[in-house]
Protein chains: 2
Amino acid sequence: MLKVPEHQVAGHIAKDGKLGPLVDDQGRFFKPLQGDARGENEAKFYESFSTNKNVPDHIHKYFPVYHGTQLVEASNGSGKLPHLVLEDVVSCYSNPSVMDVKIGSRTWYPDVSEEYFKKCIKKDRATTTVTLGFRVSGFKVFDHQESRFWRAEKKVVLSYKVNGARLALRKFVSSNSPSDDDDSPPNCAFASEVYGGSDGILAQLLELKAWFETQTFYHFNSCSILMVYENESILMKGGGDDEKKKKPVRAQVKLVDFAHVLDGNGVIDHNFLGGLCSFIKFIKDILQS
Amino acid sequence: MLKVPEHQVAGHIAKDGKLGPLVDDQGRFFKPLQGDARGENEAKFYESFSTNKNVPDHIHKYFPVYHGTQLVEASNGSGKLPHLVLEDVVSCYSNPSVMDVKIGSRTWYPDVSEEYFKKCIKKDRATTTVTLGFRVSGFKVFDHQESRFWRAEKKVVLSYKVNGARLALRKFVSSNSPSDDDDSPPNCAFASEVYGGSDGILAQLLELKAWFETQTFYHFNSCSILMVYENESILMKGGGDDEKKKKPVRAQVKLVDFAHVLDGNGVIDHNFLGGLCSFIKFIKDILQS
């Protein structure tokens with residue numbers, strides 16, 4: 001029994017008869033192979049990456065597990081279509097707060113068509129991609145005061161300038177009710193537990209950075225970093241309930257969206273690495289403030 | 001008595017009645033203030049940087065010393081014009097081998113005119129700027145077999161693809177006669193002394209990289225890394241002449257060309273940093289091969 005993912009914050013959404021990813025109740029994520037070269041390219045990447053012995057284990061864990069491809073009933077009612085079968089990275093969370101950040105100071109790359117180049121660079125210049133080397137693509141935060149999710153509006157997210165992006169990264173780890181108004185500044189209550197610590201987001205990003213400084217296998221064009229954590233469990237801590245206290249925050253970084261990955265051909269992915277370093281500096285600044 | 005610099009490998013050259021930099025015999029480099037905003041911007045940068053107490057001393061040494069501005073007789077005969085007075089970074093070398101590498105995966109930046117954007121991105125895509133995050137702008141090598149300098153042709157340098165750039169970085173530290181033919185592969189005889197070692201090029205680049213990971217004062221758009229060394233002195237080593245044996249290689253990295261530097265406004269220079277990391281990887285690869 002496949003259904004529309006509850007916690008997707010960016011990309012094609014399988015609703016209103018559109019084609020989009022689906023999930024099952026076994027922790028699997030079914031992503032339709034896009035009809036053009038992109039679907040083939042993403043499948044090719046997963047095949048290569050999942051069997052690449054030169055990629056160390058501590059790096060493999062930042063990518064969704066790949067279970068091959070499978071024909072399944074598509075979300076748009078067009079019958080059975082090939083889907084990538086991936087790990088559903090949020091399936092083990094009760095109320096995951098999720099943010100999708102597209103990394104890189106450009107989303108185009110050498111040898112694309114002029115049409116694709118123009119489309120990409122226009123969006124790169126209109127968002128923070130050029131200025132920051134990354135752009136927030138979407139996020140949702142579990143609001144435990146109201147016991148429901150708050151989701152950032154796509155239109156608002158895509159209009160962020162430098163300060164908008166900074167504010168979003170603070171909102172993402174705050175316990176006061178999210179809002180689109182600037183008059184209730186985010187309190188960053190979860191920052192030290194989610195972004196900080198030996199197994200927090202920053203530590204994971206630094207591990208990825210070290211790999212990107214040397215790896216020349218892949219260029220991750222137009223690829224995203226997904227950040228996930230369980231903020232409810234933080235609130236339970238110290239509440240006197242031992243069983244609940246054991247629940248970890250499980251802040252997690254995953255790389256997703258590999259439709260535009262190219263061979264590195266002996267050159268590091270300086271576009272991803274530069275953006276990653278900029279993103280890391282933003283996270284560090286929040287931890288220090 | 002000002003004269004045309006002997007060891008300039010890129011940028012405007014003061015010959016045939018054109019406006020360009022001049023040097024004196026006291027180790028000073030006179031760079032004419034370009035008429036438009038660029039000259040003002042470069043002077044503004046030097047004023048800011050030379051007095052910026054937040055920039056550590058070990059970073060200041062990677063920039064030419066700034067001695068203010070001065071009216072001097074211009075190289076194009078148009079009378080006295082304002083010039084930046086800078087340290088002539090090659091003045092203390094006998095036969096300096098010099099390479100100019102423009103760092104960054106783009107030379108344009110936010111808020112430039114469409115005309116400037118189009119001019120820059122065309123060149124960025126035609127050179128290795130987009131693919132490598134840097135491009136070689138020019139270089140000369142002292143050829144001690146012939147006891148003269150060999151200078152790479154500008155047209156050839158600007159047509160480099162990935163392998164051309166890699167070859168140039170090998171040629172730059174080789175003792176066999178440079179040539180534009182691929183049939184005499186560079187021997188990289190000086191690589192370990194120039195690129196390697198505790199005070200070599202790589203060590204200096206890594207020190208710069210660490211600073212770029214945190215500094216948010218300046219964005220070094222369209223700025224170059226100049227690499228200089230004395231290769232004659234390497235050959236003297238072990239030659240039995242004690243006085244000459246003491247001559248160091250003095251491999252040196254300097255940042256130059258700040259006409260397009262902008263305020264960082266709290267964001268790291270991910271464009272420069274990404275390109276620098278890519279450049280570092282190329283140098284490491286040569287040292288390892």
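Sequence lines set the chain letters: A, B, ... in the order given, protein chains first and strands last, and positions in each chain run from 1.
For Ile280(B), no part lies under 4.5 angstrom from a heavy atom of chain A. For Val162(B), the part sitting under 4.5 Å from any heavy atom of chain A is the side chain, from C-beta outward, and nothing else. Heavy atoms of Leu273(B) lying under 4.5 Å from chain A belong exclusively to its side chain. Only the side chain of Phe117(A) comes within contact range of chain B, judged by heavy atoms closer than 4.5 Å. In this structure, the portion of Phe282(A) lying under 4.5 Å from any heavy atom of chain B is its side chain and not its backbone. Only the side chain of Ile121(A) comes within less than 4.5 Å of a heavy atom of chain B; its backbone N, CA, C and O stay farther away.
For chain B, the option among Gly266(A), Cys277(A), Gly275(A) with the highest count of heavy-atom pairs below 4.5 Å is Cys277(A).
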Taking only distance into account, so ignoring hydrogens and angles, what donor-acceptor contacts under 3.5 Å exist between chain A and chain B?
from	atom 1	to	atom 2	distance (Å)
Arg106(A)	NH2	Val130(B)	O	3.2
Glu114(A)	OE2	Arg125(B)	NH1	3.1
Glu114(A)	OE2	Arg125(B)	NH2	3.3
Arg125(A)	NH1	Glu114(B)	OE2	3.1
Arg125(A)	NH2	Glu114(B)	OE2	3.4
Val130(A)	O	Arg106(B)	NH2	3.1
Val130(A)	O	His270(B)	NE2	3.4
Thr131(A)	O	His270(B)	NE2	2.8
Gly133(A)	N	His270(B)	NE2	3.3
Lys209(A)	NZ	Glu213(B)	OE2	2.9
Glu213(A)	OE2	Lys209(B)	NZ	2.9
His270(A)	NE2	Val130(B)	O	3.4
His270(A)	NE2	Thr131(B)	O	2.8
His270(A)	NE2	Gly133(B)	N	3.3

